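Right, one structure below, let's go through it.
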Amino acid sequence: ILLSGCANTSRVNITTEIDNAVSNAILTHNKDSFYEGECQAEGHVIFDAKKTDDRIIVYSYIGYSEYGFENGNFVDISGISCPAVIILDNNYSLIEIQYPEDGSYYGKSIKKMFPKSCVNDVLNLSDKNEKSINEQQKEYAKSYLKSIGREATVGTMSDFKYPLLTDMGVSVEVSNRMDYYILKNEQYPYWIGNKELIENGIRYVYQMDYNKSENKIIYTKYEYENPNNIIEKIIVDSLTGKEIKE
């Protein structure tokens, strides 16, 4: 549905109602579409908006993130950042979100989806707009941390270090075998460290440790509020990649 060229459209001011509706649309549309964290976040810039008799068309660039705890940091663990045409009804409820095509069709689809006045801004997102989108998402994360009484550094995965087994001298072959344990127990991190998941209202920590002196890779699940309550423990020989039964 390419509405940017429709004759029966008129420009409309970007009101608080429209801006809030865009926020809600991004959160609603993307929920359950990515690896689930414990906090949804969105950010957006609106380039233009038009109105027909029964809908409002918003031309924007959006960001959506799911945040979760990793190594004690609150990290953007999944999401999307891209141009979007957001179509609302006259009550500001979401009808549809349209994304551009990938690959070689990306530029062409942008030119079809967006008014000419917006195309350059969309194809060449400014540093200012990119920063604004990122900061909006971080504000969701900071508000969530405040609501649960936690302090943590907020950022993306590229902001933090994730030490891998191979960094510690474990062979590539054994490290690759660990994929089996991660796939079998996918909650565990693939790095040396931990992540937190809330299951049935209880916060658990999934930890991966490496004991070099004993040649052991250790996976442990325990309660965040009660670290001594070990729910599961898996020990793997770091020389052979085989599980050690204790």
Side-chain angles (χ1 to χ4, degrees), residues 14-47 49 58-84 86 88 92-94 97 99 121-122 125-163 186-208 221-227:
I14 301 166
T15 62
T16 300
E17 288 80 7
I18 290 176
D19 192 64
N20 289 339
V22 168
S23 295
N24 292 332
I26 296 169
L27 294 172
T28 302
H29 181 77
N30 289 288
K31 184 175 176 58
D32 302 324
S33 297
F34 298 94
Y35 184 84
E36 185 178 2
E38 58 181 275
C39 169
Q40 281 186 286
E42 66 81 28
H44 63 271
V45 291
I46 297 175
F47 301 114
V58 182
Y59 303 98
S60 64
Y61 204 107
I62 70 167
Y64 174 83
S65 298
E66 296 266 356
Y67 280 87
F69 286 100
E70 295 183 343
N71 296 345
N73 303 307
F74 205 43
V75 186
D76 173 357
I77 57 175
S78 66
I80 189 173
S81 178
C82 69
I86 299 173
L88 310 169
Y92 304 106
S93 296
L94 177 63
I97 294 184
Y99 297 123
D121 289 331
V122 175
L125 187 68
S126 69
D127 292 341
K128 179 181 178 181
N129 282 335
E130 183 177 9
K131 181 178 180 181
S132 174
I133 292 169
N134 292 336
E135 287 301 318
Q136 289 173 59
Q137 292 174 87
K138 285 184 178 180
E139 284 304 312
Y140 278 85
K142 291 175 182 178
S143 295
Y144 178 80
L145 288 173
K146 186 176 181 180
S147 73
I148 63 171
R150 287 277 294 267
E151 292 185 2
T153 302
V154 177
T156 64
M157 294 185 75
S158 62
D159 294 325
F160 308 107
K161 293 183 178 180
Y162 289 83
E186 61 183 17
Q187 297 90 339
Y188 287 102
Y190 61 83
W191 63 89
I192 299 170
N194 63 61
K195 61 181 180 179
E196 300 174 23
L197 295 174
I198 298 175
E199 300 170 353
N200 298 319
I202 300 174
R203 183 180 295 276
Y204 293 100
V205 178
Y206 287 83
Q207 177 93 25
M208 191 242 276
K221 175 185 178 182
Y222 59 89
E223 287 187 25
Y224 176 82
E225 297 290 347
N226 184 11

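Nothing here was measured: the structure is a model prediction, and the numbers come from that model. Residue numbers start at 1 and run along the sequence shown.
Between Ile86 and Ile62, some side-chain heavy-atom pair lies under the 4.5 Å cut-off. Put simply, the side chain of Leu145 reaches to within 4.5 Å of the side chain of Phe69, judged on heavy atoms. Between Tyr204 and Lys221, some side-chain heavy-atom pair lies under the 4.5 Å cut-off.
Between the side chains of Tyr162 and Glu70, a donor-acceptor pair is found at a separation under 3.5 Å. For the residue pair Tyr64 / Gln40, a side-chain donor-acceptor distance below 3.5 Å is found, with atom types taken as modelled.
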*Between Phe160 and Asn71, is a side chain to side chain contact (heavy atoms under 4.5 Å, CB included) present by the stated rule, with each step listed?*
CA-CA 9 Å; Phe160 308 107; Asn71 296 345; over 6 Å; no
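Asn226 CG: more than 12 foreign heavy atoms inside a 6.0 Å radius. Counting non-hydrogen atoms of other residues, nucleotides and ligands closer than 6.0 Å to CD of Glu135 gives a total above 12.
A pairwise comparison of heavy atoms in Gly155 and Tyr67 identifies O-CE2, 4.0 Å as the closest pair. Gln137 and Gly43 make their closest contact through CG-N, 3.5 Å (heavy atoms, listed as atom of the first residue, atom of the second, distance). When all heavy atoms of Tyr35 and Leu197 are compared, the pair lying nearest together is OH-CD2, 4.4 Å. Across Asn194 and Pro189, no two heavy atoms sit closer than the pair CA-CG, 4.0 Å. Across all non-hydrogen atoms, the minimal contact from Tyr140 to Cys39 is O-SG, 3.9 Å. Nearest approach of Tyr99 to Cys82, heavy atoms of both residues: CD2-SG, 3.4 Å.
Rounded to the nearest 0.5 angstrom, Asn30 CG and Ile97 CD1 are separated by 6.0 Å. Considering OG of Ser81 and CG of Leu125, their distance stands at 7.0 Å, rounded to 0.5 Å. One finds the OH atom of Tyr190 at 10.0 Å from the CE atom of Met208 (value rounded to the nearest 0.5 Å).
Remark: the backbone N or O of Gln187 is paired with a side-chain donor or acceptor of Lys195 at under 3.5 angstrom. Listed for the Ser65 side chain is no donor-acceptor partner under 3.5 Å among the backbone atoms of Gly79. For Asp159 (side chain) and Thr156 (main-chain N/O), a donor-acceptor pair under 3.5 Å exists by modelled atom type.
Residue pairs meeting the salt bridge (Lys or Arg N to Asp or Glu O under 4.0 Å) criterion with at least one member in residues 15-43, sequence neighbours excluded, are Glu38-Arg203. Screening residues 137-150 for salt bridge (Lys or Arg N to Asp or Glu O under 4.0 Å) gives Glu139-Lys142, Arg150-Glu196 as the qualifying pairs, with residues at least two apart or on separate chains.
Between Tyr59 and Phe47, a ring centre-to-centre spacing not shorter than 6.0 Å is recorded.
In this structure Ser126 satisfies the side-chain hydrogen bond (donor to acceptor under 3.5 Å, both in side chains) test together with Asn129, sequence neighbours excluded.
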